[in-house]
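Have a look at the structure below before the remarks.
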Amino acid sequence: MRQGTGLRRRGCGERLRCGRHLSYLRESGVADADISQRYPCWPMSYDHRTIEAKWQQRWATERTFSVSVDESRPKFYNVSMYPYPSGELHMGHLRNYTYVDLLTRYRTMQGYNVLSPMGWDSFGLPAENLAIETGIHPRVSTESQIEAMKGQLRSLGAVYDWDRELASHQPEYYRWDQWLFLKLYERGLAYKEKAPVNWCPNDQTVLANEQVVDGHCERCGAQVERRELSQWFFRITEYADRLLDDLDRLDEWPDRVRTMQRNWIGRSEGASFTMQVADTDLAFEVFTTRPDTIFGMTFAVLAPEHPLVEEMVAGTEVEEEVMGYRRRAASMSEMDRVAEGEKSGVFTGRYAFNPVNERKVPIYIADYVLMGYGTGAIMAVPGEDQRDWDFAEKYGVDIIRTVQPPEDFEGKAYTGEGVAINSDFLDGMDRETAIDTMASWLEERKVGGPTLNYRLRDWLISRQRYWGCPIPMIECGECGLVPVPEEELPVELPDIDDFRPEGQAPLAAVESFVNTTCPRCGGPALRETDTMDTFVDSSWYYLRYTDPNNADAIFDRDKADYWMPIDQYIGGVEHAVLHLLYARFVTKVLHDMGLVSVEEPFARLFTQGMLVKDGAKMSKSRGNVVAPDPYYERFGADAVRLFELFMGPPTDDAIWSDHGVEGTSRFLDRLWDAVTGEIGEIHPGSPTDPDRDLRAETHRTIQKVTTDIDRFAFNTAVPALMTLTNLLVDRLREGLSREVFDEVVGILLHLLSPMAPHVAHELWEMTGHGTMLATEPWPAWDADLAKRDVVTMIIQVNGKVRDKVQVDADISSDDAETIARERDRIRDWVDGGEVRKVIVREPNLVNFVVS
RNA sequence: GCCCGGAUGGCGGAAUGGCAGACGCUGAGGUCUUAAAAACCUCUGUCCCAAGGGACGUGUGGGUUCGAAUCCCACUCCGGGCACCA
């Protein structure tokens with residue numbers, strides 16, 4: 001019992017011991033000494049446990065947020081990125097889910113048919129690694145973690161259409177991964193190839209280029225090795241141009257993400273041409289973005305792995321040296337190669353002809369040329385390329401400038417603009433003209449021509465792991481690679497006991513899985529034992545949500561067309577390239593197959609900031625996670641939600657603070673007390689002037705909260721409600737008319753409903769309303785009411801504020817100036833000087849410029 | 001190296017050309033209480049002043065403007081992305 005103001009608090013009042021809280025801590029096994037000491041008891045005005053359970057139950061049983069196609073209402077498809085079921089949500093995750101839930105509720109109240117589904121990216125390494133450690137089957141651990149996470153989401157008050165729940169590891173889902181694979185294969189977009197790949201020795205699997213960060217495995221941090229393996233790829237490069245060009249259409253994506261994708265695709269325009277190797281019938285192709293500098297070529301360089309190298313040096317006296325260099329380069333990671341700093345290379349003893357002037361130039365191999373980009377061979381023009389300059393300087397090769405540098409240029413290679421010199425028919429041309437002229441020259445003589453090149457590589461999808469979707473292919477000694485017939489899908493993942501990968505997929509050891517018959521000739525054959533990259537699973541799930549239980553097709557086109565594209569997609573910026581690029585690619589392929597109308601899946605993307613604690617991103621690996629459960633218990637989900645919204649701009653990183661939750665909890669208490677009549681007085685009389693001011697402020701608040709939510713400024717929408725509540729409390733203390741009280745409280749609860757839904761719903765019911773607040777219409781503001789009659793006009797002298805005065809909002813310019821001039825304080829400042837200019841911005845400001 | 005973003009009280013932040021510091025937290029004092037907790041009230045950027053008030057103040061230096069946290073130029077620091085990509 002609380003004393004002093006007569007308000008009842010449900011706290012226990014004991015500072016050091018609160019039986020209910022301590023027993024909760026014991027029962028739940030929450031080892032959070034810090035918060036148990038800080039909040040032995042947190043008295044609150046309302047019983048959050050009861051009302052949260054009540055409303056969560058009602059939203060679920062009344063299926064308030066389960067939706068279906070409804071052409072009569074505008075749709076709003078609201079999705080947060082497919083989460084991996086780690087089983088442990090922390091406050092950083094909740095930030096994301098709070099935003100998503102707020103939008104679901106807000107748009108629902110605005111009359112939209114809102115689809116907000118949830119599902120699980122449930123294949124992947126953590127469960128498999130846990131299985132290796134503990135022997136627990138990944139399915140068992142994954143499914144229990146899914147249940148745990150669902151519980152945490154429910155406790156937050158997050159509402160989803162659970163009828164559409166998906167999980168990648170279920171055969172009903174991954175069957176369509178396999179179907180998708182077969183369709184890509186049919187269209188020539190899936191292929192198997194022996195290629196040097198990134199091998200993670202820790203995870204015992206290959207990685208896509210995108211999953212290698214600074215030469216290390218993105219997941220586990222182990223140094224990645226290069227291996228030559230036969231692997232499955234998706235031909236995403238075929239879509240490089242469309243993926244790049246369509247970025248321009250995604251104008252509701254953050255520029256940052258679009259830039260990152262542009263850089264990742266890395267299109268460069270240039271020319272390629274063939275160079276003949278002297279004294280042999282060998283030839284190789286080079287790519288350059290600077291065909292205008294071709295007369296400056298003084299040598300050529302092949303990547304050490306270039307397929308021609310072996311033939312070029314076979315039987316020559318440099319063979320041993322060249323092949324030795326090649327082996328050393330191969331054994332080094334790209335990271336180390338770069339880290340070496342100084343250029344290195346070996347002369348092959350061979351020369352090639354420059355096609356424009358038939359000049360013979362020496363051919364080197366050097367590891368600064370990468371096999372994976374362009375043609376793996378370059379023309380070296382040290383005059384205009386710093387890398388080539390460095391190499392030429394070290395190995396004593398000629399340097400010819402073919403672009404005139406400015407007179408004061410003091411650097412080495414000149415890469416800027418200038419006219420061509422020492423370049424025969426290009427001399428005097430500017431860069432652009434010279435590039436075009438040379439490209440056509442090459443084309444006319446059939447030695448080359450304009451070429452586009454991409455940094456983007458094909459998507460390597462094979463993984464030598466167990467807990468993933470099996471690749472539905474069969475290798476037959478007679479027929480070669482044969483796809484599994486569609487009607488035999490899914491190829492189910494067999495149950496196994498030993499999950500240890502030993503250089504090959506664990507499935508390879510499962511004879512009953514591997515041995516099969518060829519669907520074409522009926523002879524004995526072997527199944528593919530690699531599984532797919534989990535990014536395949538997450539590249540189309542949002543389409544499946546639109547028709548999640550379809551047993552005959554991946555999804556129904558009409559349903560997908562109704563819901564797609566996603567109107568709001570929310571997730572972390574860490575997926576800016578990987579997931580978002582793959583999903584865009586797969587959507588385009590499905591579009592090309594005639595399965596869906598949209599070409600871009602995500603109309604509007606929002607990337608939220610990280611949550612920081614102790615100076616680092618909140619993450620399990622850093623050991624600084626704040627689990628939500630003890631906070632739900634003490635403050636309730638609504639206070640947690642409000643603080644998640646309040647803590648800062650959603651795009652920015654934010655810092656977790658226990659005290660912040662105390663603040664939002666106090667706010668809800670104050671609101672509760674005000675609405676339930678615990679504070680002040682409500683009288684039946686007609687509204688007074690201050691009552692009408694409160695009403696006006698309420699309508700201004702509708703406007704502010706509405707526009708703030710629309711611009712994702714949740715951190716200012718919450719304070720708007722706090723301010724209004726504070727004003728309401730002030731009015732109540734002096735006595736407020738019933739009429740105004742009812743209107744203000746009604747509006748306040750509507751505005752609060754998407755942010756703190758349990759308290760809002762309970763209070764809505766307690767104030768005598770039988771309707772479900774969640775489906776009440778969002779309030780509209782009355783512009784006349786919201787308009788201010790009187791405003792504060794500031795009066796400046798030489799730009800400094802010297803006085804303020806209340807004036808009518810529709811004051812004329814002349815009146816404003818007259819009033820300002822007549823103020824005593826202004827006279828004091830103006831007297832003795834000459835007023836040279838008066839700036840009037842009625843009704844807000846008058847500024848006297850005095851000398 | 002290149003590209004992008006950021007820097008505002010003791011803290012999170014607000015203000016997008018017009019009252020800098022909304023709102024919240026923290027801290028100090030007070031009311032109530034035997035006492036504490038909770039709640040409530042007052043104060044809480046720095047400096048000067050008995051007071052009324054004044055000066056300074058949004059990373060640093062310059063500029064534009066009647067007026068700049070906000071626009072422009074240069075710099076410093078922090079964060080992110082890309083990087084022998086021909």
Side-chain angles (χ1 to χ4, degrees), chain A residues 1-7 9 11-16 40-45 214 254-257 259-260 262-264 266 268 270 272 286-290 293 301 334 337-338 340-341 343 366-370 372-381 384-388 390-391 453-455 573-574 576-577 610 642-643 646-649 651-664 666-667 669-670 673 679 713 715-716 718-723 726 729 733 792-801 803-804 825 836-839 841 844-850:
Chain A
M1 278 300 235
R2 169 173 92 147
Q3 292 151 13
T5 60
L7 293 190
R9 293 278 169 194
C12 63
E14 287 283 334
R15 182 175 198 184
L16 296 175
C41 180
W42 184 259
M44 286 169 59
S45 296
D214 291 341
D255 286 340
R256 186 165 59 128
V257 174
T259 304
M260 283 165 74
R262 248 179 229 120
N263 291 341
W264 193 264
S268 51
S272 55
V286 300
F287 171 74
T288 178
T289 54
R290 297 294 304 276
T293 64
V301 187
E334 276 186 35
R337 283 197 199 180
V338 176
E340 291 262 298
K343 300 270 175 297
D367 63 11
Y368 80 93
V369 173
L370 309 173
Y373 185 80
T375 58
I378 62 158
M379 66 167 200
V381 282
E384 284 81 34
D385 184 292
Q386 190 59 43
R387 294 158 300 184
D388 297 344
D390 293 343
F391 191 88
N453 231 301
Y454 301 89
R455 207 191 77 109
V573 73
E574 65 271 20
V577 178
M610 300 181 308
L642 280 177
F643 180 57
F646 179 78
M647 61 175 125
T651 43
D652 291 3
D653 291 351
I655 295 171
W656 175 259
S657 148
D658 284 344
H659 294 306
V661 196
E662 295 171 28
T664 52
R666 272 195 273 267
F667 158 62
D669 272 336
R670 203 156 47 241
D673 292 342
I679 297 176
N715 59 314
T716 53
V718 176
L721 295 182
M722 290 177 167
T723 305
N726 292 344
V729 168
R733 291 227 165 86
T792 304
M793 182 171 79
I794 61 166
I795 308 167
Q796 300 180 329
V797 178
N798 291 333
K800 290 194 195 299
V801 178
D803 201 4
K804 300 169 194 178
R825 300 208 45 222
R836 293 191 303 146
K837 197 170 177 184
V838 183
I839 287 107
R841 293 283 177 276
N844 296 313
L845 171 133
V846 176
N847 183 15
F848 296 98
V849 183
V850 178

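A, B, ... follow the sequence lines: proteins, then strands. Residue 1 opens every chain. Just so we're clear, the structure is a prediction, and the values are computed from it rather than from any experiment.
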How is [X] classified with respect to the nucleic acid when contacts are heavy atoms under 4.0 Å: base, sugar-phosphate, or nothing?
X       : answer
R836(A) : nothing
K804(A) : base
T289(A) : sugar-phosphate
N726(A) : sugar-phosphate
D390(A) : nothing

Span that lies between the [atom1] atom of [M] and that of [N], in whole angstrom:
N      : M      : atom1 : result
A22(B) : U58(B) : C1'   : 15 Å
U70(B) : G63(B) : P     : 14 Å
C23(B) : G62(B) : C1'   : 35 Å

If we call it a pair only when both distances are under 3.5 Å in a Watson-Crick or G-U wobble match, what pairs with [N]?
N      : value
C82(B) : G1(B)
U33(B) : none
C11(B) : G24(B)
U65(B) : none
G57(B) : none
A38(B) : none
C77(B) : G6(B)

Expressed in angstrom and rounded to an integer, what is the separation of [X] atom [atom1] from [N] atom [atom2]?
X       : N      : atom1 : atom2 : result
R262(A) : C4(B)  : CZ    : C1'   : 12 Å
R841(A) : C66(B) : CZ    : C1'   : 9 Å
L845(A) : A20(B) : CG    : P     : 11 Å
M722(A) : G13(B) : CE    : P     : 15 Å
R256(A) : G79(B) : CZ    : P     : 15 Å
Y373(A) : C82(B) : OH    : P     : 16 Å
D385(A) : G1(B)  : CG    : C1'   : 14 Å
F667(A) : A22(B) : CZ    : P     : 18 Å

G52(B): syn or anti, per glycosidic angle within 90° of 0:
anti
Given [options], the nucleotide with the shortest approach to the side chain of [X]:
X       : options                : answer
R670(A) : A14(B), C19(B), G24(B) : G24(B)
N847(A) : A86(B), G18(B), C40(B) : G18(B)
R733(A) : A86(B), C40(B), C23(B) : C40(B)
V369(A) : C85(B), C66(B), A86(B) : A86(B)
I378(A) : C85(B), A86(B), G24(B) : A86(B)

Heteroatom pairs (N/O) under 3.5 angstrom, protein to nucleotides 7-12 of chain B:
residue, atom, partner, partner atom, Å
G12(B), O2', M647(A), O, 2.8

Generate the contact string for nucleotides 44-57 of chain B. Rules: B means base contact, S means sugar-phosphate contact only, - means no protein heavy atom under 4.0 Å.
---------SSSS-
Taken to the nearest 0.5 Å, the spacing of M379(A) CE from D385(A) CG works out to 9.0 Å
Under 4.0 Å from OP1 or OP2 of C85(B): is there any side-chain N or O of R290(A) that close?
no
Using heavy-atom distances to pick each residue's nearest nucleotide on RNA chain B, tell me which of A720(A) and W264(A) is more 5'.
A720(A)
Is it the case that the base of G24(B) and the side chain of E662(A) share a donor-acceptor contact (distance under 3.5 Å, atom types as modelled)?
no
Can K343(A) be said to sit on top of F391(A)'s aromatic six-ring, NZ or CZ under 6.0 Å from centre and within 45° of the ring axis?
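No, a cation-pi geometry is absent between K343(A) and F391(A).
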Holding to side chain to side chain donor-acceptor pair (under 3.5 Å), I want the full list of residues that pass it with N263(A), two or more places apart in sequence or in another chain.
none
